[in-house]
Protein chains: 2
Amino acid sequence: MRIGELARRTGVSTRALRYYEEQNLLTAERSNTGQRHYPETAVARILLVRELFTAGLSSKTIAELTPCVIDGKATPELLDRLAVERGHIDQHIVDLTHTRDRLDSVIASASASMDTGTPCQPGPASTAPA
Amino acid sequence: MRIGELARRTGVSTRALRYYEEQNLLTAERSNTGQRHYPETAVARILLVRELFTAGLSSKTIAELTPCVIDGKATPELLDRLAVERGHIDQHIVDLTHTRDRLDSVIASASASMDTGTPCQPGPASTAPA
DNA sequence: CTAAAACTTGACGTCGACGTCAAAGGCAAG
DNA sequence: CTTGCCTTTGACGTCGACGTCAAGTTTTAG
């Protein structure tokens, strides 16, 4: 498969795919005229890379970890790095959950104040009041 | 309180604080010589702003929503925006949880393969195999 | 064979959240 | 008054993940 089809099938731009290759997140066979050719497995690989980008990892980190995730090439150091990144993601989840809950209570009290017509005395969830 | 103390107490640089003001995330009194002076409540406000930045909101979005979160100034439109952002955060949590679980299974199978000495046949969690 | 579509490398542009440096003015201590 | 830290505005720099031309090949459709 060539780069255009891979782009369509993954929803990732060709520019991004070339960028991924440049960052060693992806390898490609070359035809004798220089065009990239990808195997079917490239699709899953791209989706993994996207997933890790979405999780906030940098291309450098992804480049270090994908061999482990894809091929099961795991050294103790890579497993450490993997655990560290897992920890970051976990912390991010904790933070996001906290923020979401806070927004929920803001929405709840704001909705209530709109219902009652009161100017919204902030409830116990607000951090602001002195 | 002047900008330096606020910076120390929030762990945010003075540059960032001026940037926040420029983006209308923060207001400051000015002394007759032009120096910024903040009330105690500014500390909590900064922490809220940081929380929302961490949650992936842009300064523009934060500027639109903080009046609602801080002062309870809620119009139906703001409540909508708030709910939309809550949804984004929620989706992000779902994505991150999925990625974390995937990393977990990679770590588990990689650890197992290191224990057994096998070259790590990917388990049911891997998306890669054709 | 020819025109269109797809592909190549190279290089500059973008955007957001600041970092960093510069030049100048403010403020409390000795 | 001067020393030294704090603060001011202004403006350019940065970094990552691409977007966007540009100019030239290659592949495909007719």
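Naming convention: chains lettered A, B, ... in sequence-line order (proteins, then strands); numbering from 1 in each chain. These figures come from a predicted structure and were not determined experimentally.
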Subject >> Leading and trailing nucleotides of DNA chain D with any atom under 4.0 Å from heavy atoms of chain A >> reply: D/dA17 to D/dT27
Subject >> salt bridge (charged side-chain N to carboxylate O under 4.0 Å, His left out) against A/Arg81, all qualifying residues, sequence neighbours excluded >> reply: A/Glu64, A/Glu85
Do any N or O atoms of the protein come closer than 3.5 Å to N or O atoms of nucleotides 23-25 of chain C, and which pairs are they?
none

Original post:
How about A/Ile89 and B/Leu103: do any of their side-chain heavy atoms sit closer than 4.5 Å?
Top reply: yes
Original post:
Tell me, which pairs form a ring pair (Phe, Tyr, Trp, His ring centres under 6.0 Å) where one or both residues lie in residues 30-59 of chain A, sequence neighbours left out?
Top reply: A/Tyr20-A/Phe53
Subject >> Set of salt bridge (charged side-chain N to carboxylate O under 4.0 Å, His left out) partners for A/Arg9, sequence neighbours left out >> reply: A/Glu5, A/Glu40
Original post:
Could you give the distance from CZ (B/Arg102) to CD (A/Glu51), rounded to the nearest 0.5 Å?
Top reply: 5.0 Å
Original post:
Looking at DNA chain C, which of residues 1-18 of chain B put a heavy atom within less than 4.0 Å of it?
Top reply: B/Ser13, B/Arg15, B/Ala16
Original post:
What pairs with A/Pro67 under side chain to side chain contact (heavy atoms under 4.5 Å, CB included), at least two apart in sequence or on another chain?
Top reply: none
Original post:
Of the residues in residues 82-99 of chain A, which ones touch DNA chain D at a heavy-atom distance under 4.0 Å?
Top reply: none
**OP:** Kindly write out the residues that satisfy side chain to side chain contact (heavy atoms under 4.5 Å, CB included) with A/Thr27, not counting sequence neighbours, or none if the list is empty.
**Re:** none
Original post:
Are any of the side-chain heavy atoms of A/Leu48 and A/Arg45 separated by less than 4.5 Å?
Top reply: no
Original post:
B/Arg18: what forms a salt bridge (charged side-chain N to carboxylate O under 4.0 Å, His left out) with it, not counting sequence neighbours?
Top reply: none
Original post:
Can you name the residues that form a side chain to side chain contact (heavy atoms under 4.5 Å, CB included) with A/Ala7, not counting sequence neighbours?
Top reply: A/Thr14, A/Leu17
**OP:** Take atom OH of A/Tyr19 and atom P of C/dG10, then tell me their distance rounded to the nearest Å.
**Re:** 17 Å
Original post:
Relative to the 5' end of DNA chain C, which residue comes earlier, B/Ser59 or B/Ser31, by the nucleotide with the nearest heavy atom?
Top reply: B/Ser59
**OP:** Kindly determine whether B/Arg2 and B/Gln35 satisfy side chain to side chain donor-acceptor pair (under 3.5 Å), including the steps that lead there.
**Re:** CA-CA 8 Å; B/Arg2 291 187 301 172; B/Gln35 297 202 345; 3.0 Å; yes
Original post:
Looking at side-chain heavy atoms only, is the closest gap between A/Leu96 and A/His92 below 4.5 Å?
Top reply: yes
Original post:
Residues in salt bridge (charged side-chain N to carboxylate O under 4.0 Å, His left out) with A/Asp104, at least two apart?
Top reply: B/Arg86
